[in-house]
Amino acid sequence: MVSPASDNRTIVSSPGKVLLAGGYLVLDRAFSGVVVATSSRFYSVVSPLSSTSGSNQDGTERAIISVRAGQFPREASTWIYALSVKEDELVLQQINEDKVGKNKFIYISLLKTLEVAYENIVKSGKGSVAAAEELIKRVSSEGDGLDIVVLADNDFYSQREQLSNQSLPARLSSLPSLQPFTPLPRPIPQTNKTGLGSSAALVTSLTASVLCHLGVVSLSNTSRSASAESTSDSKRSDDLGLVHSLAQFAHCLAQGKVGSGFDVSSAVFGTHLYTRFSPSILTPLMDRPLTCIPLLASSASSSSSSYLLEALDHTKWDSSTKPFRLPRGLRLLLADVDAGTDTPSFVGKVLEWRKNNPDQAGKLWVELDSANMKLEGFLTQLVAREGDADYEESLRRAAAGRAGKQENKQSSATSVLVQQVRETLHTIRGYLRAMSDASRVPIEPPEQTRLLDASSDLEGVIGGGVPGGEWSDLKITM
Ligand SMILES: Nc1ncnc2c1ncn2[C@@H]1O[C@H](COP(=O)(O)OP(=O)(O)OP(=O)(O)O)[C@@H](O)[C@H]1O
Ligand SMILES: C[C@@](O)(CCOP(=O)(O)O)CC(=O)O
């Protein structure tokens, strides 16, 4: 039986993502992706835990860590772990796997976060065994461990069933009628996700919240129940950098591959122009133990005493996040078309085609990238026009669909730019259809083409497309 022990809690939230441009290309460091962070967020809440099972049968100290997915059925969505020292290892063992099965994203996030915290304690001068005991003490500082609840905003999961249960039509205007974190009737594996990057936002908010709670990092808007802390910019940059590299590592381990990382990058840094990190940064770490934390040899020199901290040193990472944001007055609407995509298989087939057709693919990649970067450029130029007196009016007129086109007599800078955005979105879709035809991967299947063409002609819509690799989960219209 577990319950929070006191009111000292840490809450960290991370946004979901939409890859507005750069799908597939963002896997290659030669190209960038325009990633937009969503208003929908994922929350991790860490509180002290008091439990009735504070020690092992053999009397050795252990800390209990309970993680519950708050909007899913409790009995199938609460994962409970015990952290203890066994000989020369810190072991994190799930104690209710027979009841709820595993959640590798949660387990690996906890394991790697605890490994970073352990190395952080060793680095502060504690011996390797003393550091392990110190970590257990910190995890159970005000009770017997940590009680963690993870919660995702409703948009991360399809809400069709919930809307229909309340006799509400499956449309945008119905969503505000749903309570926040609407309870979902079935366990996660039987729930339709919508493609907003739930695992990346989960891993990021979970790793960051535990690092904060254990005092390893302090994020600038952390306001612990004890006091609001202000953090110097460089400390905050280092702390955010550690959160980023740790979350990237944990997410890649859980997914079983070193992905592009754009989703974790936006979960940490928000909306930006993203260039991926070199896979070689993480590849050597991918075969580290996934069930325990090896205690460092007591004679370990300071460099080997922080093997993981060294590898996760963000100053050694070569990913880039260039500032970008959507212009004021533009909204991204995502439609849940309720058809999941197996992204890895799509990606595999497209990359296989690219490998077998280097010249044709090379030309297509460069042309598509040029259109992607033009889209980013036009949107950024629109941001620069926001102060113009006629900005709002020009945006409204220019965004008028086919019905309103005859209104567009003026050619204000804003309306010219909106037209260029519209044309570029159309060009990008054309290149993706060419990629689709050549690789025989249904990136924008005909039913999506019909939906997007019809939507793009609506009053107030500039254009749309299928975002990221979740090609047929969602479509976006601006
Ligand atoms: N609310 C949650 N609580 C706990 N684990 C979750 C939650 N939401 C997602 N997960 C974990 O993330 C996994 C989904 O990760 P996966 O990489 O397969 O999809 P994804 O690309 O992140 O999905 P999407 O982009 O559609 O959200 C789930 O199987 C589950 O393990
Ligand atoms: C970037 C992408 O095209 C390829 C796979 O990316 P990742 O390995 O899931 O980060 C997927 C996507 O576009 O959403």
Side-chain angles (χ1 to χ4, degrees), residues 12-19 23 26-27 35-38 40-46 65-81 94 96-97 100-110 148-159 180-207 209-210 247-248 250-267 334-347 466-476:
V12 175
S13 73
S14 299
K17 57 74 180 165
V18 177
L19 191 57
V26 75
L27 283 162
V35 60
V36 177
T38 60
S40 302
R41 300 180 75 87
F42 210 109
Y43 302 80
S44 288
V45 185
V46 184
I65 302 177
S66 164
V67 184
R68 178 165 66 85
Q71 66 232 83
F72 291 92
R74 178 187 284 264
E75 65 288 347
S77 317
T78 304
W79 300 272
I80 305 178
Y81 309 95
Q94 186 174 353
N96 70 336
E97 185 180 336
V100 299
K102 291 179 178 177
N103 183 317
K104 59 186 176 178
F105 290 89
I106 289 181
Y107 178 78
I108 292 173
S109 298
L110 287 177
I148 304 174
V149 179
V150 294
L151 288 159
D153 277 329
N154 291 334
D155 288 352
F156 278 92
Y157 311 103
S158 181
Q159 301 289 345
F181 314 123
T182 290
L184 296 171
R186 283 179 296 282
I188 295 162
Q190 286 93 52
T191 301
N192 265 359
K193 302 182 276 81
T194 57
L196 294 188
S198 55
S199 62
L202 161 72
V203 167
T204 301
S205 62
L206 182 56
T207 51
S209 61
V210 176
Q248 289 284 12
H251 194 244
C252 289
L253 279 175
Q255 285 200 324
K257 62 174 176 66
V258 179
S260 74
F262 79 93
D263 44 4
V264 172
S265 187
S266 66
L334 303 174
D336 166 13
V337 291
D338 202 21
T341 303
D342 177 1
T343 303
S345 75
F346 272 33
V347 174
V466 280
E470 315 288 344
W471 298 105
S472 59
D473 286 1
L474 285 167
K475 72 175 181 67
I476 51 172

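Being a predicted model, the structure only gives us computed values, none of them experimental. One-based numbering, in listed order, for ligands and for the atoms of each.
Contact annotation: for Leu151 versus ligand 1, there are no heavy atoms closer than 4.0 Å. Contacts of Asp263 with ligand 1, taken as heavy-atom pairs under 4.0 Å, are absent altogether.
At least one heavy atom of Gly195 sits less than 4.0 Å from an atom of ligand 1.
Between Tyr81 and Tyr107, the ring planes lie tilted relative to each other; the angle falls in the 30° to 60° range. Between Phe105 and His251, the two ring planes are tilted [angle within 30° to 60°].
Side chains of Phe181 and Asp153 form a contact here, defined as non-hydrogen atoms less than 4.5 Å apart.
At a 3.5 angstrom cut-off on N or O pairs, Gln255 counts as close to ligand 1. For the pair Lys193 and ligand 1, the shortest N or O to N or O distance falls below 3.5 Å. When only interatomic distances are considered, the shortest N/O to N/O separation between Ser199 and ligand 1 falls below 3.5 Å. Between Gln71 and ligand 1, no pair of N/O atoms sits closer than 3.5 Å.
For Ser266, there are no side-chain hydrogen bond (donor to acceptor under 3.5 Å, both in side chains) partners two or more places apart in sequence or in a different chain.
Looking only at distances, a side-chain donor or acceptor of Thr194 sits under 3.5 Å from a matching main-chain atom of Asp155. Side-chain N or O atoms of Ser77 include none that pairs as donor or acceptor with a backbone N or O of Arg74 at under 3.5 Å.
For the atom pair NZ of Lys104 and CH2 of Trp79, the computed distance is 13.5 Å after rounding to the nearest 0.5 Å.
Proximity to Val150 (heavy-atom distance under 4.0 Å) selects the following atoms of ligand 1: 3 (N).
Proximity annotation for atom 7 (C) of ligand 1: of Phe72, Tyr157, Phe105, Phe156, Tyr157 comes nearest, heavy atoms only. The option with the heavy atom closest to atom 3 (N) of ligand 1, from among Ala69, Gly256, Gly101, is Ala69.
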